[in-house]
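Scroll down for the structure; my scribbles are underneath it.
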Amino acid sequence: MSGKGLLLVISGPAGSGKGTVIKSLMEKSDAFAYSVSATTRAPRPGEVNGVNYHYITREDFEDRIKNGGMLEHTSYCGNYYGTPKKEAEEVLESGRNLILEIEVEGAENVKKLYPEAVLIMLLPPSFAVQEARLRGRGTEPEEKILERLSRTKEEIPRVVNYDYIVYNYDGGAEYTAEDIISIVRAEKLRQSRNDQAAKKYFE
Ligand code: 5GP
């Protein structure tokens, strides 16, 4: 991937408000593109095929893995989730910043493949707030909520593999999106991303 777009990985436990923050981010700037993942899980009420996810069968998903069509993939709470490779590459080549909203294992795999990727962990203010948000959302049965909370306990210690931690306070999605824009601005100015600066200066 040689394009100039930034590969931005945003992870966060269920209830961290990833969806709202990313929506705000995309509204603030058209320099971002969202990678629509493929999944084998069923759509939640209100979710739209091709917008939130590409909802596909296990068979189709396994075929795509075999054919090298996934940039990364994982199994999460009994379902497959993965990033379609072709779409991701096209966005990066176009110079836009690509947002991958993926869980920790996928994020770690992306960082191995693309060390220049920027990994951001979005956190609710606390585990207690996360739990309250998940129950308040009312989109999942208790059993699924408990499964996601238990997964959170495994995921949070892996925050050490991330470049940034951003907190998403209640009602603060816009501020959180601004934090992410600041990160992107600074990352673009990194010396390592501008390693021809001296040469260009004298051209
Ligand atoms: P949900 O079912 O709540 O939409 O997503 C469950 C988890 O899967 C979330 O942590 C989400 O970030 C993650 N996820 C969504 N798409 C992908 C993907 O393409 N790859 C990976 N590794 N994780 C994903």
Side-chain angles (χ1 to χ4, degrees), residues 7-23 25-26 33-58 60-65 68-92 98-114 117-124 127 130-131 133-159 161-162 164-166 168 173 176 180:
L7 184 54
L8 204 61
V9 172
I10 303 184
S11 305
S16 58
K18 297 182 291 278
T20 320
V21 169
I22 292 170
K23 189 166 171 277
L25 196 58
M26 310 268 299
Y34 180 74
S35 159
V36 179
S37 294
T39 184
T40 58
R41 88 148 159 73
R44 291 196 195 113
E47 287 185 346
V48 178
N49 190 23
V51 175
N52 302 89
Y53 283 104
H54 300 292
Y55 300 94
I56 63 176
T57 61
R58 292 192 79 82
D60 191 358
F61 203 107
E62 283 166 3
D63 276 349
R64 292 195 196 197
I65 299 172
M70 292 292 179
L71 188 145
E72 61 75 38
H73 69 275
T74 195
S75 180
Y76 177 97
C77 296
N79 282 298
Y80 281 130
Y81 292 81
T83 306
K85 194 174 186 172
K86 192 164 168 278
E87 289 170 38
E89 287 180 343
E90 281 170 5
V91 169
L92 291 171
L98 181 67
I99 301 174
L100 305 188
E101 192 252 271
I102 63 179
E103 50 66 65
V104 290
E105 198 178 288
E108 289 164 6
N109 288 335
V110 167
K111 191 74 173 179
K112 274 185 217 138
L113 284 172
Y114 307 103
V118 178
L119 270 51
I120 299 176
M121 175 65 86
L122 193 62
L123 287 181
F127 187 69
Q130 180 196 353
E131 193 168 357
R133 282 186 191 170
L134 267 186
R135 295 230 154 76
R137 183 158 94 178
T139 52
E140 278 136 318
E142 180 64 17
E143 174 202 328
K144 289 274 173 211
I145 292 176
L146 292 177
E147 197 179 12
R148 277 159 191 260
L149 288 173
S150 134
R151 173 86 184 202
T152 297
K153 291 188 179 155
E154 292 166 28
E155 285 188 340
I156 299 298
R158 286 158 80 172
V159 74
N161 298 321
Y162 281 70
Y164 296 92
I165 300 172
V166 174
N168 186 29
T176 311
I180 295 176

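Values below: every heavy atom of this structure, side chains too, minus hydrogens, waters and symmetry copies. Both ligands and their constituent atoms are indexed starting at 1 by order of listing.
- Shown in contact with Gly106 at under 4.0 Å from a heavy atom are these atoms of ligand 1, numbered in order with element: 22 (N).
- Closest protein heavy atom to atom 19 (O) of ligand 1: Ser37 OG, 2.7 Å.
- Closest heavy-atom approach to atom 20 (N) of ligand 1 among the candidates Glu155, Glu72, Glu108: Glu72.
- Residue Glu140 does not touch ligand 1, judged by heavy-atom distances below 4.0 Å.
- On a distance-only criterion, Tyr76 and ligand 1 share no N/O pair closer than 3.5 Å.
- Every atom of ligand 1 is numbered from 1 in the order shown, and the set under 4.0 Å from a heavy atom of Gly82 is 18 (C), 19 (O), 20 (N).
- Looking at Glu105, Lys18, Glu103 and measuring to atom 13 (C) of ligand 1, the nearest heavy atom belongs to Glu103.
- The shortest separation from a heavy atom of Arg41 to ligand 1 is under 4.0 Å, placing the residue in contact.
- The local environment of CD in Glu143 is sparse, with at most 12 non-hydrogen atoms from other residues, nucleotides or ligands closer than 6.0 Å.
- The protein non-hydrogen atom at the shortest distance from atom 12 (O) of ligand 1 is Glu101 OE2, 2.6 Å.
- When only interatomic distances are considered, the shortest N/O to N/O separation between His73 and ligand 1 does not fall below 3.5 Å.
- Screening Arg151, Lys153, Arg158 against Glu155 for a side chain to side chain donor-acceptor pair (under 3.5 Å) leaves a single residue, Arg151.
- For atom 21 (C) of ligand 1, the closest heavy atom belonging to the protein is Ile102 CB, 3.4 Å.
- Interface atoms of ligand 1 facing Arg148, defined by a heavy-atom separation under 4.0 Å, are 1 (P), 2 (O), 3 (O), 6 (C).
- Summary of contacts: the protein heavy atom closest to atom 5 (O) of ligand 1 is Tyr53 OH, 3.2 Å.
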What do the steps show when you test Arg135 against Glu131 for salt bridge (charged side-chain N to carboxylate O under 4.0 Å, His left out), and what is the final call?
CA-CA 6 Å; Arg135 295 230 154 76; Glu131 193 168 357; 2.9 Å; yes
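- Polar contact check, Ala38 against ligand 1: no nitrogen or oxygen pair lies under 3.5 Å apart.
- Ring geometry for Phe61 against His73 counts as perpendicular: the plane angle is over 60°, on a 0 to 90° scale with 30° as the lower cut.
- Taking the ring axis of Tyr81 as reference, the NZ or CZ atom of Arg41 does not stay both within 45° of it and closer than 6.0 Å to the ring centre.
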